[in-house]
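Just so it is clear, the structure is predicted and the values come from calculations on it, not from any experiment. Naming convention: chains lettered A, B, ... in sequence-line order (proteins, then strands); numbering from 1 in each chain.
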2 protein chains.
Amino acid sequence: MGDHVSGKGLKRADLARRTGCNLETIRYYEKIGMMPDPPRTASGYRVYDVTHVGRLRFILRGRELGFSIEELRGLLQLVDRGTQTCAEVKALTEQHLADVRAKIADLKRIEKVLAATAAQCSGKQVPECPVLEALAS
Amino acid sequence: MGDHVSGKGLKRADLARRTGCNLETIRYYEKIGMMPDPPRTASGYRVYDVTHVGRLRFILRGRELGFSIEELRGLLQLVDRGTQTCAEVKALTEQHLADVRAKIADLKRIEKVLAATAAQCSGKQVPECPVLEALAS
DNA sequence: CCTTGAGTCTGTAGTTACTACAGACCCTAT
DNA sequence: ATAGGGTCTGTAGTAACTACAGACTCAAGG
């Protein structure tokens with residue numbers, strides 16, 4: 001049995017393949033309460049269905065967009081309770097966007113210093129180096 | 001006794017204050033071999049001098065520039081052996097610069113998606129939200 | 001001299017978000 | 001019946017710190 005045979009009753013590997021998620025990560029998300037505890041077969045195997053696929057995709061997309069697990073937990077709690085409003089979700093998104101922009105600014109600052117310093121290097125087989133001077137100064 | 005009294009024989013807190021480094025981080029860097037094991041007083045207190053200040057500043061500046069511990073370990077090994085050349089250091093720096101640029105590109109991609117999606121939000125007290133749709137799609 | 005408070009010592013646990021085992025089951029196909 | 005996969009559990013490892021508990025040491029005040 002598997003994914004393509006019956007259309008329901010996905011095993012863990014099936015869910016992983018459908019979502020592109022790592023096999024172990026699924027168990028991890030369950031453990032930390034991001035994914036619900038799925039029903040089990042008599043012998044203890046997890047059984048998933050399309051709702052699990054949807055939820056896992058939600059989490060994975062959120063992670064791709066740089067949301068932390070805690071941020072996603074907040075989002076999912078709103079959704080799970082059915083109490084979310086566009087205003088709330090937008091506020092969380094914009095907070096996250098601000099964090100992303102701060103990280104970009106930080107990395108750009110770093111990039112400038114690195115590029116400027118490396119540009120001063122002779123690149124020769126000599127021990128003295130502007131990069132080391134910049135670090136040791 | 002302390003930092004300002006004798007000019008030598010810094011204790012751990014003195015080194016921390018002079019470099020802005022967290023107290024515990026100093027011990028951590030020692031443990032992972034980034035800082036040398038310092039001499040000790042008879043009762044076991046670590047005793048630092050200016051060479052330790054220089055080395056710790058080197059590490060901290062490198063970290064500020066986003067070098068990983070392993071990257072800095074490579075740099076420091078060259079310096080410790082006195083075998084570094086500007087060419088080698090420049091190569092390591094440019095590799096790191098490429099990594100930084102890749103991270104910036106990644107974050108910019110994320111920023112675009114977040115900004116575009118959030119811009120579609122009505123921001124009203126309604127349950128439907130473009131952000132949730134983007135995640136659940 | 002003794003106490004008190006601050007500093008230091010050690011080892012260990014917590015953080016984030018996974019990833020990768022080991023050793024025991026289970027299930028299916030030959 | 002058995003061989004091979006897949007699955008189960010719990011645990012340890014990753015990066016780079018940070019924070020504690022409990023014991024010890026040290027200098028200054030009374």
Side-chain angles (χ1 to χ4, degrees), chain A residues 1-6 9-35 37-48 52 56 58-76 96 99 103 106, chain B residues 1-6 9-35 37-48 52 56 58-76 96 99 103 106:
Chain A
M1 91 183 55
D3 191 356
H4 60 294
V5 171
S6 66
L10 305 175
K11 286 204 294 244
R12 193 150 58 102
D14 299 323
L15 181 58
R17 193 172 36 70
R18 280 205 184 187
T19 57
C21 185
N22 178 291
L23 192 63
E24 298 290 286
T25 303
I26 294 171
R27 203 158 56 95
Y28 171 69
Y29 285 157
E30 179 184 322
K31 186 179 161 194
I32 65 172
M34 299 292 287
M35 289 289 289
D37 289 13
R40 304 281 187 129
T41 65
S43 60
Y45 283 23
R46 289 167 178 84
V47 182
Y48 298 102
H52 297 98
L56 184 50
F58 186 102
I59 297 168
L60 294 174
R61 291 232 175 81
R63 296 289 301 129
E64 275 171 25
L65 289 176
F67 284 97
S68 71
I69 291 288
E70 286 314 307
E71 284 171 326
L72 288 173
R73 199 191 294 279
L75 235 31
L76 284 168
H96 175 51
D99 294 347
K103 270 186 204 157
D106 211 42
Chain B
M1 93 187 55
D3 190 357
H4 59 295
V5 171
S6 66
L10 303 176
K11 288 203 294 240
R12 192 149 59 102
D14 299 324
L15 181 58
R17 192 171 37 68
R18 279 206 183 187
T19 57
C21 185
N22 178 291
L23 193 62
E24 298 290 289
T25 303
I26 295 171
R27 202 157 60 94
Y28 170 69
Y29 285 158
E30 180 184 321
K31 186 179 161 192
I32 64 172
M34 299 291 286
M35 289 289 289
D37 289 12
R40 304 282 187 127
T41 65
S43 59
Y45 283 24
R46 290 167 178 85
V47 182
Y48 298 101
H52 296 96
L56 184 51
F58 186 103
I59 296 168
L60 294 173
R61 290 233 175 80
R63 295 290 300 127
E64 275 171 25
L65 290 176
F67 284 97
S68 71
I69 291 288
E70 287 312 309
E71 285 172 324
L72 287 173
R73 200 191 293 279
L75 234 32
L76 283 167
H96 175 51
D99 295 346
K103 269 186 207 157
D106 210 44

Practice item. Calculate the interatomic distance between B:I69 atom CD1 and D:dC17 atom C1'; express it in whole Å. Key: 9 Å
Practice item. For residues 21-35 of chain B, pull every pair meeting salt bridge (charged side-chain N to carboxylate O under 4.0 Å, His left out), keeping only residues two or more places apart or in separate chains. Key: B:R12-B:E24, B:E24-B:R27, B:E30-B:R40, B:E30-B:R46
Review point. Which pair of heavy atoms, one from B:G62 and one from B:L72, lies closest together, and at what distance?
Key: CA-CD2, 3.8 Å
Practice item. Could you state the atom-to-atom distance from CD of B:E64 to C1' of D:dA16 in whole Å? Key: 15 Å
Study note, to complete from the structure: When every non-hydrogen atom of A:M34 is compared with those of A:I69, the smallest separation belongs to CE-O, 3.7 Å
Review point. For DNA chain D, whose closest nucleotide is more 5', that of B:T41 or that of B:F67?
Key: B:F67
**Study point:** All side chain to side chain donor-acceptor pair (under 3.5 Å) counterparts of A:R73, not counting sequence neighbours
**Key:** A:E70
Distances under 3.5 Å only, N/O to N/O: pair up the protein atoms with those of nucleotides 3-6 of chain D.
residue, atom, partner, partner atom, Å
D:dG6, N2, A:Y45, OH, 2.6

Check your understanding: Do the side-chain N or O atoms of A:S43 get closer than 4.0 angstrom to the phosphate oxygens (OP1, OP2) of D:dC8?
Key -> no
Review point. So which of residues 19-32 of chain B are in contact with DNA chain D, with a heavy-atom cut-off of under 4.0 Å?
Key: B:N22, B:E24, B:T25, B:R27, B:Y28, B:Y29
Point to revise | Integer-rounded Å distance: C:dA17 P and A:I59 CD1 | key: 12 Å
Practice item. Could you tell me which residues satisfy side-chain contact (heavy atoms from CB on, under 4.5 Å) with B:T25, sequence neighbours excluded, listed by chain and number? Key: B:C21, B:N22, B:Y29
Review point. Quick one: do A:K11 and A:D14 make a salt bridge, cutoff under 4.0 Å?
Key: no
Point to revise | Considering all heavy atoms, the nearest A:V47-A:P38 contact | key: O-CB, 3.6 Å
Point to revise | Contact under 4.0 Å: A:R40 side-chain N or O vs D:dT7 OP1/OP2 | key: no
Exercise for review: Considering non-hydrogen atoms only, spot the tightest contact between A:I59 and A:M35 and give its length.
Suggested key: CD1-SD, 3.9 Å
Check your understanding: OP1 or OP2 of D:dC8 sitting under 4.0 Å from any side-chain N/O of A:R12?
Key -> yes
Point to revise | Angle of first-five versus last-five pair axes in the helix from C:dC1-D:dG30 to C:dT30-D:dA1, to 10 degrees | key: 30°
Practice item. Mind calculating the distance between CG (A:D99) and P (C:dT16) to the nearest angstrom? Key: 15 Å
Review point. Hey, does the side chain of B:H52 reach the backbone of B:L10 with a donor-acceptor pair shorter than 3.5 angstrom?
Key: no
Practice item. Test B:Y48 against B:L56 for side-chain contact (heavy atoms from CB on, under 4.5 Å), laying out the working first. Key: CA-CA 11 Å; B:Y48 298 101; B:L56 184 51; over 6 Å; no
Point to revise | Pairwise distance CZ(A:F58) to CG(A:L75) - rounded to 0.5 angstrom | key: 4.5 Å
Revision key, fill the gap. A:R73 CZ to C:dC18 C1', in whole Å, measures 14 Å
Check your understanding: Between C:dA6 atom P and B:D14 atom CG, what is the distance in whole Å?
Key -> 17 Å
Review point. Could you state the CG-P distance from A:L56 to C:dC18, rounded to the nearest angstrom?
Key: 11 Å
Check your understanding: What are the two closest heavy atoms between A:T19 and A:L60, and how far apart are they?
Key -> O-CD1, 3.6 Å
Practice item. Using whole Å, report how far NZ of B:K103 lies from P of D:dA15. Key: 13 Å
